[in-house]
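Accompanying notes for the structure given below.
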Amino acid sequence: MRDDTVVGDGVAWSIAHGGPLPPPPAEGAEVRDWLRHRTDQGTGVAVDDGDRRLTYAELGALADRTADALRDRVRPGDVVGVRLDRSVELVATALAVVRLGAVYLPLGPGCAPQRLDLVRRTVRVPCVVDRADATPGEGTPLPGLPGSAAGTTVAVFPPVPPEAAPVPAGTGYVVLTSGTSGAPRAVAVGRDSLAALVRWYHDHADLGPGERHSLLINPAFDPHVMELFATLCAGATLSVPPAGAGQDPYLLTRWWARDGVTVSNVPTPIADLVLARPWPADLRLRHLGIGGERLRRWPGPDVTATVHNMYGPAEATVTTTVYRLTGRPDRAGPPPVGGPVPGAVVCVTDPAGRTVARGEPGELRIGGTGLALACFGDRGGPPLVSPPPELSGLDRVYPTGDRVRMGVDGVLEFLGRVDDQVKVSGVRIAPAEVEAALERDPDVVRAAVVATSSPAGTRLTAFAQPRPGVRIDADEVLARIRGWLPEQAVPGVLRVVPSMPVTANGKTDRAALRDLVPTSATTPGDAEDLTDQQRLVLRVCRDLLDRPEATLGDRFVDIGGNSLMVARLLAALENATGARLRASALLRQPDLAGIAALLDGAPVATSRAVVDG
């Protein structure tokens, strides 16, 4: 593996160019060729989900049978939505889509029907592959594994809405991100851009036969395509994690050790928790990529894996910049996001789009081989714009909305967001999309969403103005909007207001709304007869979920707890008591009192009962 280098432009502008692309991982010119080369060779384990292991020959055969079952209804260039979780079936389906010359749209199992319907009205998606039990009685059964019955997965062919647009020729995959206008943005990434990503990552992670790469990233999150395709093109093994490993740092590291995982990518929130623990001595992990939001922690000197902080929006094909971290921080402050990967060009501009001098803050803009072909469904304006004059060799750049500073060495430091988009649990969220979902509710006439900081990171609080004469039940409204939004975008709290505060120019006064968000200082008094364990669970959950009014009778998931909050709760409770709980046991509890009961008898060190953010 060679280190990625930053090539400056020789002047003082905040511009940096990535180096040339490394050689391809196999014979041929694009991902489809490299995948065919590996499956034709047939050797080695391609995917292992714990109970089932497929060699490359077996995976290729299953993908060919799946492609044959779809061939009469799926044409080259058609978008195929895939609502499967990480599994052998997901990998085989993705490979079949590539075999057909079609376009892979990973949706993940959590993509609600309403959200899928919004996407299908934006982009032509003539086929959706789903679990058979999620669409009973519908669809065409797809082939199963050797020795098992077909029909575990099905292909559904719903009518294509007339307003849906086709993706450009040459599109390799499509992913969904949060737009700026209240609807999800569909990003069409070209086959050439995907090939460049695979070439870089194959070289960067030094992938090859015998390596085991985790298939850990949620399929709805665009780094999924990097780990899936780069691993298969390299002839390495995709290792599917057990349930809960992506939310529990202890389970994650134990799985890494048990399965002999050598390369893994982890979202920043769970990586923070992993790096906060002593590094296990029995890991074979040699390469750890971290991305999704701002990383606040450097790895400790005991970390034996090479750790990279990776940054990149979906509109620039997963990864744009990378920075190698060591156990001895080489600069003050949190880790930087680094310099551009091969094929990428980055620059920092002022609000007018002019390049600033090195050392000055500004907006990050991206050009080069990774730019998406097109974006759909966002009425907030074109996502690709003309480059500044200093980058005359490019025809377009992507303004990220991220505020950065480039040092004299070309390394980028992340400073925050220029616009109002925020990262929640590693996922980029536009408050406008959440507000639009709330305003679809018949009881809501107007909605606003503000982001606030808590020990767990960024949290969303929603405000709703009811229709005249209507009484809103906040919990019922939040339950109804879950079908429109990804899990991370559902606000932890909905507060009902008689009218929205406005500024002097008539805009929603978000500063006034933030003042209405309660803080821990407003925590209600607790009965004196609570046990130490109950007090601990209440204190930690209130801080984590930004719900100072929470009581022992509340259910964790009903007051804003999601999968990443479970991981942080487990870590905080272990830090305070030394007791290691399992996520599955915690989620089975009917309320916070039940969680406290799991700690019955565990001594509470109150001085350690803090949430490590």
Side-chain angles (χ1 to χ4, degrees), residues 79 81-85 105-123 125 127-139 154 156 158-161 163-164 174-186 218-221 376-379 424-449 459-464 466-467 470 472-496 555-565 587:
V79 178
V82 181
R83 287 186 70 215
L84 303 177
D85 204 350
L105 168 57
L107 298 167
C111 183
Q114 297 97 322
R115 184 171 175 83
L116 178 58
D117 187 56
L118 283 176
V119 174
R120 291 185 55 255
R121 293 204 300 269
T122 302
V123 176
V125 184
C127 175
V128 177
V129 175
D130 207 340
R131 300 188 330 271
D133 58 2
T135 55
E138 296 183 32
V154 296
V156 181
V160 176
E163 66 270 28
V174 174
V175 291
L176 304 182
T177 70
S178 196
T180 61
S181 59
R185 174 186 292 174
N218 186 324
F221 194 20
F376 301 88
D378 185 12
R379 300 182 300 277
V424 179
S425 298
V427 177
R428 186 174 46 164
I429 302 297
E433 182 178 356
V434 185
E435 292 165 359
L438 286 165
E439 289 173 355
R440 290 188 183 98
D441 193 283
D443 294 341
V444 177
V445 68
R446 190 175 178 192
V449 174
R459 303 290 293 158
L460 298 180
T461 299
F463 295 85
R467 295 191 180 278
V470 173
I472 289 180
D473 184 303
D475 290 336
E476 289 182 2
V477 172
L478 288 178
R480 289 196 288 265
I481 69 168
R482 287 184 182 276
W484 298 101
L485 300 168
E487 176 188 8
Q488 295 85 351
V490 177
V493 180
L494 174 63
R495 303 198 175 278
V496 180
R555 187 166 176 259
F556 184 69
V557 296
D558 290 342
I559 56 174
N562 58 31
S563 56
L564 287 171
M565 292 302 104
L587 291 171

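Please read these numbers as outputs of a predicted model, since none were measured by experiment.
Here CG of Leu460 is found 10.0 Å from CD of Glu435. Values are rounded to the nearest 0.5 Å. With rounding to the nearest 0.5 Å, the separation of CZ in Arg495 from OG1 in Thr461 is 6.5 Å. Distance CG/Asp441 to CH2/Trp484: 11.0 Å, rounded to 0.5 Å.
Taking both residues in full, the closest heavy atoms of Ala220 and Leu107 are given as CB-O, 3.3 Å, listed atom of the first, atom of the second, then distance. The two residues Pro431 and Val449 come nearest to each other via the heavy atoms CB-O, 4.0 Å. Heavy-atom minimum distance, Val496 versus Pro466: CG1-CD, 3.9 Å. Here the closest non-hydrogen pair linking Pro106 and Pro219 is CB-O, 3.1 Å. The shortest heavy-atom contact between Leu494 and Ala464 is CD1-CB, 3.8 Å. Closest heavy-atom contact between Gly108 and Asn218: CA-OD1, 4.4 Å.
Qualifying side-chain hydrogen bond (donor to acceptor under 3.5 Å, both in side chains) partners for Asp130, counting only residues two or more places apart in sequence or in other chains: Arg83. When the side-chain hydrogen bond (donor to acceptor under 3.5 Å, both in side chains) test is applied to Arg467, no partner is found at least two apart in sequence or on another chain. For the side-chain hydrogen bond (donor to acceptor under 3.5 Å, both in side chains) test, no residue two or more places apart in sequence or in another chain qualifies with Arg120.
Counting heavy atoms from C-beta outward, Leu116 and Val128 have side chains that approach closer than 4.5 Å. Between Pro491 and Val434, the closest side-chain pair of non-hydrogen atoms falls below 4.5 Å. Using a 4.5 Å heavy-atom cutoff, the side chains of Leu105 and Val125 are in contact. At a threshold of 4.5 Å between non-hydrogen side-chain atoms, the residues Arg115 and Arg482 do not count as touching.
Side-chain atoms of Glu439 do not come within 3.5 Å of backbone N or O of Arg446 as any donor-acceptor pair. Here the side chain of Gln488 pairs no donor or acceptor atom with the backbone of Val424 at under 3.5 angstrom.
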- Task: Before giving the answer on side-chain contact (heavy atoms from CB on, under 4.5 Å), spell out for Val129 and Val154 the whole-Å C-alpha distance, their side-chain angles and the decisive distance to 0.1 Å.
- Result: CA-CA 6 Å; Val129 175; Val154 296; over 6 Å; no

task = Please assess Asp443 against Arg480 for the test salt bridge (charged side-chain N to carboxylate O under 4.0 Å, His left out), listing each intermediate value before the final yes or no.
result = CA-CA 11 Å; Asp443 294 341; Arg480 289 196 288 265; 3.5 Å; yes

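With respect to the salt-bridge test (charged N to carboxylate O, under 4.0 angstrom), the residues Arg185 and Glu433 do not qualify.
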